[in-house]
J.: 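If you scroll down you'll find the structure; I have some questions about it.
In this text the structure is predicted, and so the values were computed from the model without any measurement. Just the heavy atoms: all of them, side chains too, but no hydrogens, waters or symmetry mates, feed the values below. All chains are named by letter (A, B, ...) in the order of the sequence lines, taking the proteins before the strands, and each is independently numbered beginning at 1.
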Amino acid sequence: MPADPTPTEPKDFIRDIVAQHVDEKRYDKIVTRFPPEPNGYLHLGHARAILLNFGVAKENQGQCNLRFDDTNPAKEDIHYVNAITADIKWLIEGWADAQLTFKPKGAFPNSQTIDDRPDFQVASISANSPDSEPFTASAYFDQLYVYAIALIKSGKAYVCDLSPEDTEKYRGTPTEPGTASPFRNRAIAENLDLFSRMRSGEFSDGSHSLRAKINMASPNLWLRDPLLYRIRHTAHHNTGNKWCIYPLYDFAHCLSDYLEGVTHSFCTLEFVAHRDLYDWILTSLNLPRPLPHQYEFAKLIPSYTLMSKRNLLRMVQEKVVTGWDDPRMPTLAGLRRRGINAKSLRRFVISTGITTQNGITDIAALEHVVRDELNQTAERRLAVLRPIKLVLTNIAAGESIPCEAVNNPQDETPTKRQINLTREVFIEQEDFAEAPPPKFRRLKPGGEVRLKYACIINLDEIVKDEAGNLLELHCTAQLDTRSGQPNASKKVKGTIHWVSATESIDAEVRLYDRLFTVPEPGAEDDFLKVINPHSFVTILAKLEPDLANPPPGQSFQFERLGYFTPDSKDSGSNKPVFNRTITLRDTWEN
RNA sequence: UGCCUGGUGGUGUAAUGGUAGCACAGCAGACUCUGACUCUGCUUGUCUAGGUUCGAGUCCUAGCCGGGCAGCCA
């Protein structure tokens, strides 16, 4: 197996840009960053951003910083930073671990002088180092404050006393220019004084703000004197009560990139309008090092899923699902618990490419790679989800006939295990039909079928109770059709799976399906109306005995049914709970 | 109807003035001790109209359609 599971090296407009910069030797090293806000779990959409940022870093021997964009203490929580960090490590493990970069524990940006100009820069260190921690925007609050003062001193920022409502009114509309705030031309000294008093807690939330002085008539709304700082008397999960003013995204993000030495800052299309502001702030500060630049790409939106954190949070809060890591959720945690491995996710996401076109990606493309990966790697087992009892009348009670079962036929030299055929076995209800449809290749009256890895059987008698309910099936086993026996190569049309009634275990199996019934639940006025009522079904199944204590994280193919993995939360010793990752492709219809 | 941005099979994505290709999905068949896998074949596309050119998905002009932007969210 190759150490690097990446498929072919991707090529797209962003890699072209980076490649050109590398040719030009524009930067010493390519540095990207993944900047999640710790206010929810990472999902499939983030996977594209993660794989882009880490991919570009990896392909150019660069680094990718994990930075928490934690500038809004009202919405953020430390719980999310831990979950996000774990999810990222999981997603890139064995692929781009070497690129994941943190800062030294407790580090803040260092002061330095470059060409007689003052500068700040934060040190970086491998995330593998024990004394490392993720970058955070909140670690830059001191420097950000210094930059804000520099902007004020150069006449490029001012303190505004307009209320949030008035600020909105003054901004104008897309078709009408805004009007200048009455505080726009305050003296620099007054701005400095007011800003310092904002910081010291003298003013209430919303009463003042720091604004960039750009152009109230700009066709780009984000250049109409955007806010840089707002007052929030709220404790922050990192900085505690040190601050009561917090920088806004536009001010914090570009400067965080700069402080970390980021060269390429990738984000999604809705930030295109912010790019001018990103550049304005950076160029206004006369910074001595090369400036980072922002490049935008289209979001990944798979069909039959909801992708916004707002909606996912609502599903969690309204208990549509059991939590952020519910196996039906499109979160990395949910997908992982479902049994989808990181390599499958990478393959899927990378296969969708990077462009600037918005669109919906067919979730079948993900299902395809999930099946393909698992087909290669998952060991096969026999399991019966909805059992009916079948009695092999020519086998004595108590007798165990050993059979060899292949663990994975995809292996070049497959290993085998032993399963025992006994007088009583269970087969799948679906594999028997008293009145079979045309082309039915399974067990039917007067028919014969092979029990996988065992022998061919003939149906002799259908036993029912007085009410006509099916009780059991009586069959005869053709024992000489077992592997190694004289008639082993005898052909029959159908092969079905089975499990010994006396040598099997009972286990809970959770059958998951798509959460929504429509391809685009996000386009619905209320997604609650299009929830798939059958997205989660739990049953008691009969499994091969060696499935009693499955290794966590291991996937199995239950033959003819699908891929299953032990649930990471609810499985107990000798009491496994299996999640169905996905069914096998099924082209048989009736 | 301000500014930005984008239109290639059903979906996603290539082709950077020179044979419109790939993947998924779909359909048909072969194989099969998994109706899986694998294999074979097939259906389906350059938003429209002009122009430049020997040659246009690609360049130009006009139009049509879609997405984004008016948080003290990110």
J.: Sticking with atom C1', work out how far U40(B) lies from C31(B), rounded to a whole angstrom.
T.: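 Between the two C1' atoms, the distance is 11 Å.
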
J.: Over all strands shown, is P36(A) touching base, sugar-phosphate only, or nothing at heavy-atom distances under 4.0 angstrom?
T.: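 No contact at all - P36(A) keeps every heavy atom at 4.0 Å or more from the nucleic acid.
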
J.: Using the six-membered ring for Trp and the full ring for Phe, Tyr or His, decide whether Y249(A) stacks on the six-membered base ring of A74(B) (centres under 5.5 Å, planes under 30°).
T.: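 No; by the centre-distance and plane-angle rule, Y249(A) does not count as stacking on A74(B).
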
J.: Here's one to test your reading of the geometry: is the NZ or CZ of R48(A) within 45 degrees of the ring axis of F297(A) and under 6.0 Å from its centre?
T.: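 Here R48(A) fails the 6.0 Å and 45° test against F297(A).
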
J.: Given the C1' atoms of A70(B) and A56(B), what is the spacing between them in whole Å?
T.: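 Comparing C1' positions in A70(B) and A56(B) gives a spacing of 40 Å.
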
J.: Within this structure, what is the CH2-to-C1' distance between W588(A) and C31(B), rounded to whole angstrom?
T.: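 About 18 Å, once rounded to whole Å.
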
J.: Between A36(B), G12(B), U34(B), which nucleotide gets closest to the side-chain atoms of T587(A)?
T.: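 So the side chain of T587(A) is nearest to A36(B).
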
J.: Considering only side-chain heavy atoms of Q357(A), which listed nucleotide, A25(B), G7(B), C73(B), is closest?
T.: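 Closest of the options to the side chain of Q357(A): G7(B).
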
J.: Determine the contact category for G353(A): base if any of its heavy atoms lies under 4.0 Å from a base atom, sugar-phosphate if only primed atoms, P, OP1 or OP2 are that close, otherwise nothing.
T.: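 Contact class for G353(A): none.
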
J.: Distance alone, cut at 3.5 Å: any donor-acceptor contact between the side chains of N215(A) and R224(A)?
T.: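 Distance-only check fails for N215(A) and R224(A).
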
J.: Is there a side-chain polar atom (N or O) of R560(A) under 4.0 Å from OP1 or OP2 of G35(B)?
T.: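 True: R560(A) side-chain N/O within range (under 4.0 Å) of G35(B) OP1/OP2.
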
J.: Any base atoms under 4.0 Å from D586(A), or only sugar-phosphate, or nothing? Heavy atoms, all strands.
T.: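 D586(A): backbone/sugar contact only, no base atoms under 4.0 Å.
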
J.: Using a 4.0 Å heavy-atom cut-off, does D16(A) contact any base of the nucleic acid, only the sugar-phosphate backbone, or nothing at all?
T.: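 Base, at least one base atom sits under 4.0 Å.
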
J.: Considering only atom C1', compute the distance from C47(B) to G7(B) and round it to an integer number of Å.
T.: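 Approximately 7 Å lies between the C1' atom of C47(B) and that of G7(B).
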
J.: Salt bridge check: are R442(A) and E428(A) linked by an N-O gap of less than 4.0 Å?
T.: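 Salt bridge absent between R442(A) and E428(A).
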
J.: R450(A) side chain: which of G6(B), C33(B), A70(B) is closest?
T.: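 Given the options G6(B), C33(B), A70(B), the side chain of R450(A) is closest to C33(B).
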
J.: Describe the nucleic acid contact of A365(A) in one word from base, sugar-phosphate, nothing, applying a heavy-atom distance below 4.0 Å.
T.: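 Sugar-phosphate contact only - A365(A) comes under 4.0 Å of backbone atoms but never of a base.
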
J.: So what does L210(A) hit on the nucleic acid, given a heavy-atom distance under 4.0 Å: a base, only sugar-phosphate, or nothing?
T.: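 Nothing: the residue L210(A), judged by heavy atoms under 4.0 Å, touches no strand.
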
J.: Check this for me: does any side-chain nitrogen of one of R560(A) and E430(A) sit under 4.0 Å from a carboxylate oxygen of the other?
T.: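 Salt bridge flag = no for E430(A) with R560(A).
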
J.: Look at the side-chain N and O atoms of T71(A) and state whether any lies under 4.0 Å from the OP1 or OP2 oxygen of A74(B).
T.: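 So the side-chain polar atoms of T71(A) do come within 4.0 Å of the phosphate oxygens OP1 or OP2 of A74(B), strictly under.
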
J.: Between R48(A) and L269(A), just flag the one whose closest nucleotide in RNA chain B comes earlier from the 5' side.
T.: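 The 5'-side residue here is R48(A).
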
J.: Taking atom P of G7(B) as reference, at what distance in whole Å does atom CG of N358(A) sit?
T.: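 Going from CG in N358(A) over to P in G7(B) covers 11 Å.
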
J.: Counting heavy atoms from C-beta on, name the nucleotide in C33(B), A74(B), U34(B) closest to the side chain of D69(A).
T.: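 Side chain of D69(A) sits closest to A74(B).
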
J.: When the C1' atoms of U13(B) and U53(B) are compared, how many Å lie between them, rounded to an integer?
T.: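 The same atom, C1', in both gives a distance of 29 Å.
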
J.: Let's see if you can work this out: which of C73(B), G7(B), A25(B) has an atom nearest to the side-chain heavy atoms of R585(A)?
T.: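 Closest nucleotide to the R585(A) side chain: A25(B).
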
J.: Would you mind reading off the distance between D161(A) atom CG and C72(B) atom P, rounded to a whole angstrom?
T.: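 About 16 Å, once rounded to whole Å.
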
J.: Which distance, rounded to the nearest 0.5 Å, do you find between the CZ of F558(A) and the CZ of R580(A)?
T.: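 Result: 11.5 Å between the selected atoms.
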
J.: Which part of the nucleic acid, if any, lies within contact of R441(A), taking any heavy atom under 4.0 Å across all strands shown: a base, the sugar-phosphate backbone alone, or nothing?
T.: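 Base contact - R441(A) has a heavy atom under 4.0 Å of at least one base atom.
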
J.: Rounded to whole angstrom, note down the C1' distance from A20(B) over to G9(B).
T.: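 It works out to 11 Å between them.
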
J.: Please report, rounded to the nearest Å, how far the P atom of A23(B) is from the CG atom of D362(A).
T.: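 Computing the D362(A):CG to A23(B):P distance gives 16 Å.
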
J.: R232(A) has a side chain; which of C37(B), C72(B), A25(B) sits nearest to it?
T.: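 Shortest atom-to-atom distance from the side chain points to C72(B).
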
J.: Does G57(B) have a Watson-Crick or wobble partner in any strand here, with both distances under 3.5 angstrom, and which is it?
T.: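 Its partner: none found.
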
J.: Check this for me: does the side-chain of Q557(A) come within 3.5 Å of the base of U34(B) through a donor and an acceptor?
T.: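 Looking at the base of U34(B), it does pair with a donor or acceptor on the side chain of Q557(A) (distance under 3.5 Å).
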
J.: Without hydrogens or angle criteria, can the side chains of N420(A) and S500(A) be said to hold a donor-acceptor pair below 3.5 Å?
T.: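 No, no side-chain donor-acceptor contact under 3.5 Å.
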
J.: Any strand counts, and the cut-off is 3.5 Å on both contacts for Watson-Crick or G-U wobble. Which nucleotide pairs with A23(B)?
T.: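 Base-paired to U11(B).
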
J.: Pick the P atom in G2(B) and in A62(B), then give their distance to the nearest Å.
T.: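 Rounded to whole Å, the distance is 14 Å.
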
J.: Over how many whole Å does the gap from I301(A) atom CD1 to G66(B) atom C1' extend?
T.: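 Taking atom C1' of G66(B) as the reference, CD1 of I301(A) is at 13 Å.
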
J.: Is it the case that the base of A74(B) and the side chain of H274(A) share a donor-acceptor contact (distance under 3.5 Å, atom types as modelled)?
T.: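 Such a pair exists between side chain and base.
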
J.: Touch check for F271(A), heavy atoms < 4.0 angstrom, all strands: base, sugar-phosphate only, or nothing?
T.: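 Base, at least one base atom sits under 4.0 Å.
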
J.: Which part of the nucleic acid does A454(A) contact within heavy-atom distance under 4.0 Å: base, sugar-phosphate only, or nothing?
T.: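 The answer is base, as A454(A) lies within the cut-off (heavy atoms under 4.0 Å) of a base atom.
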
J.: Say you pick atom P in G29(B) and the same atom in A36(B); how far apart are they, in whole Å?
T.: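 Result for the P pair: 13 Å, nearest Å.
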
J.: Please report the distance, rounded to the nearest Å, between CZ in F564(A) and C1' in A36(B).
T.: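 Whole-Å distance recorded here is 13 Å.
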
J.: Thinking salt bridges, do R514(A) and E367(A) make one under a 4.0 Å N-O criterion?
T.: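 A salt bridge links R514(A) with E367(A).
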
J.: Looking only at atom C1', what distance separates G35(B) and U16(B), rounded to whole Å?
T.: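 The answer is 46 Å between these two C1' atoms.
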
J.: Just to be sure I understand the rule, does E37(A) reach a base, reach only the sugar-phosphate, or reach nothing, if contact means heavy atoms closer than 4.0 Å?
T.: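 Sugar-phosphate contact only - E37(A) comes under 4.0 Å of backbone atoms but never of a base.
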
J.: For the residue pair Y278(A) / D257(A), report whether a side-chain donor-acceptor contact shorter than 3.5 Å exists.
T.: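 Looking only at side-chain atoms, Y278(A) and D257(A) do form a donor-acceptor pair, the distance falling under 3.5 Å.
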
J.: With respect to the side chain of L227(A), which nucleotide from C73(B), A36(B), C72(B) is positioned closest?
T.: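 When the side chain of L227(A) is considered, C72(B) is the closest of C73(B), A36(B), C72(B).
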
J.: Given U16(B), G2(B), A74(B), identify the nucleotide with an atom nearest to the side chain of E76(A).
T.: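 Minimum distance to the E76(A) side chain belongs to A74(B).
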
J.: Measure from the side chain of Q410(A), starting at C-beta and using heavy atoms only, and say which of A36(B), C73(B), A14(B) lies closest.
T.: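 Shortest atom-to-atom distance from the side chain points to A36(B).
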
J.: Reading RNA chain B from 5' onward, which residue's closest nucleotide shows up sooner: I360(A) or P164(A)?
T.: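 Result: I360(A).
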
J.: With both distances under 3.5 Å as the test, what is the Watson-Crick or G-U wobble partner of C69(B)?
T.: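 Its partner is G2(B).
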
J.: Where the side chain of E168(A) is concerned, which of U34(B), C37(B), G71(B) is the nearest nucleotide?
T.: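 Output: G71(B).
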
J.: Determine which nucleotide pairs with A28(B), using a 3.5 Å limit on both distances of a Watson-Crick or G-U wobble pair.
T.: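 A28(B) is paired, partner U40(B).
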
J.: Taking CZ from F297(A) and P from C4(B), how many angstroms apart are they, rounded to a whole number?
T.: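 Value for this atom pair: 23 Å.
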
J.: To the nearest angstrom, how far is N487(A) atom CG from C33(B) atom P?
T.: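 Whole-Å distance recorded here is 15 Å.
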
J.: Is there a Watson-Crick or G-U wobble partner for A62(B) with both distances under 3.5 Å, and if so, which one is it?
T.: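 WC or wobble partner is U48(B).
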
